[in-house]
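Values in this document were obtained by computation on a predicted structure and should not be read as measured data. Atoms considered below: every heavy atom in the structure, side chains included; atoms not considered: hydrogens, waters and symmetry mates.
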Amino acid sequence: MSELPHVRPERPAEPAPAATAPAATGTTATAERLSALDLLSFLCILFAVASLAIWGFTAWDLPWNIVFGIAAPLATLIVWGLFASPRAVIRVHPFVRGLVELLIYLSATIAWWSAGQAWIGLGFAVVAVVVGVLAGRRRLS
């Protein structure tokens, strides 16, 4: 035992202050609170996905209605999750994010228009674009 080096125990390092350490949920302590605008933006995306599902199931004949009824909202959710969601997989410029949201809203508007419900599509387009512009301006500031 004489050949072993003499080691003194040292006190462990202190943890980082709570303001800079990540919380247990994986978010930082400076996380933003949800606002009514965030809720409206989410409802617009939810309505667009539901609109595309309704369009897919009603606008096509039997074998294709199942394909389009599942594929259209699924593709919309994938594109939204990749580029436009608050926790997007691929971070893009805010202009590109707004463009992706606009294309999703446009596809839902066209789906309502092609189903013969032009007023629903037009009303959704106006609400979605206003909410999108307000949410985009808030994200930029």
Side-chain angles (χ1 to χ4, degrees), residues 1-115 117-141:
M1 294 255 273
S2 63
E3 63 260 0
L4 293 175
H6 182 66
V7 178
R8 286 187 177 169
E10 293 182 16
R11 185 179 190 140
E14 293 293 322
T20 60
T25 60
T27 60
T28 60
T30 60
E32 294 181 23
R33 295 180 54 116
L34 291 177
S35 67
L37 196 57
D38 295 330
L39 179 65
L40 286 174
S41 180
F42 177 71
L43 289 176
C44 284
I45 289 292
L46 195 64
F47 186 80
V49 170
S51 298
L52 290 171
I54 291 169
W55 169 78
F57 282 119
T58 59
W60 302 89
D61 291 332
L62 183 59
W64 294 108
N65 69 345
I66 296 171
V67 172
F68 282 107
I70 295 171
L74 185 64
T76 303
L77 287 174
I78 289 171
V79 168
W80 181 76
L82 284 175
F83 300 108
S85 75
R87 295 183 182 178
V89 176
I90 301 171
R91 294 285 178 186
V92 293
H93 190 272
F95 178 76
V96 176
R97 181 179 177 178
L99 187 63
V100 169
E101 287 180 353
L102 185 64
L103 290 176
I104 291 172
Y105 300 153
L106 180 66
S107 64
T109 301
I110 291 173
W112 281 110
W113 199 286
S114 71
Q117 302 293 327
W119 287 108
I120 295 174
L122 186 62
F124 170 69
V126 169
V127 169
V129 168
V130 168
V131 169
V133 166
L134 293 175
R137 288 189 52 92
R138 183 171 159 247
R139 281 186 222 117
L140 287 176
S141 62

(message) I need the minimum non-hydrogen distance between Ser41 and Arg139, along with the two atoms involved.
(response) OG-NH2, 4.3 Å
(message) For residues 76-107, which residue pairs pass the ring pair (Phe, Tyr, Trp, His ring centres under 6.0 Å) check, not counting sequence neighbours?
(response) Tyr105-Phe124
(request) Only pairs at least two apart or in different chains count here, so list each side chain to side chain donor-acceptor pair (under 3.5 Å) that has a residue in residues 54-69. (result) Trp55-Ser114
(request) Could I get the full list of salt bridge (charged side-chain N to carboxylate O under 4.0 Å, His left out) partners for Arg137, not counting sequence neighbours? (result) none
(request) Calculate, to the nearest 0.5 Å, the distance between atoms CD and OG1 belonging to Gln117 and Thr109 respectively. (result) 13.0 Å
(request) Mind checking side chain to side chain contact (heavy atoms under 4.5 Å, CB included) for Leu82 and listing every partner two or more places apart, or none if nothing turns up? (result) Ile78, Val89, Ile90
(request) Kindly write out the residues that satisfy salt bridge (charged side-chain N to carboxylate O under 4.0 Å, His left out) with Glu14, not counting sequence neighbours, or none if the list is empty. (result) Arg11
(message) To the nearest 0.5 Å, what is the distance between CG on Leu103 and CD on Glu101?
(response) 10.5 Å
(message) To check you understand the geometry: which heavy-atom pair defines the closest contact between Pro73 and Ala53, and what is its length?
(response) CG-CB, 3.7 Å
(message) For Arg87 versus Arg91, what's the shortest heavy-atom pair and its separation?
(response) CA-NH2, 4.1 Å
(request) For Leu37, enumerate each residue passing the side chain to side chain contact (heavy atoms under 4.5 Å, CB included) test, keeping only those at least two apart in sequence or located in another chain. (result) Ser35, Val131, Leu134, Ala135, Arg138
(message) Quick check on Phe57: does its CZ atom have over 12 non-hydrogen neighbours (other residues, nucleotides or ligands) under 6.0 Å away?
(response) yes
(request) Heavy atoms only: give me the nearest Ser85-Gly81 pair and the separation to one decimal. (result) OG-O, 3.5 Å
(message) My understanding is that only residues two or more places apart in sequence, or in another chain, count here; which of them pass side chain to side chain contact (heavy atoms under 4.5 Å, CB included) with Thr76?
(response) Val49, Leu52, Ile104
(request) Any chance you could lay out the side-chain contact (heavy atoms from CB on, under 4.5 Å) test for Leu34 and Leu39, step after step, and finish with the verdict? (result) CA-CA 7 Å; Leu34 291 177; Leu39 179 65; over 6 Å; no
(message) I'd like to check Val100 versus Val79 (side-chain heavy atoms, cut-off strictly below 4.5 Å). Are they in contact?
(response) yes
(message) Please enumerate all residues that pass side chain to side chain contact (heavy atoms under 4.5 Å, CB included) together with Pro12, with sequence neighbours excluded.
(response) none
(request) With sequence neighbours excluded, give me every side chain to side chain donor-acceptor pair (under 3.5 Å) pair touching residues 43-53. (result) Ser51-Trp112
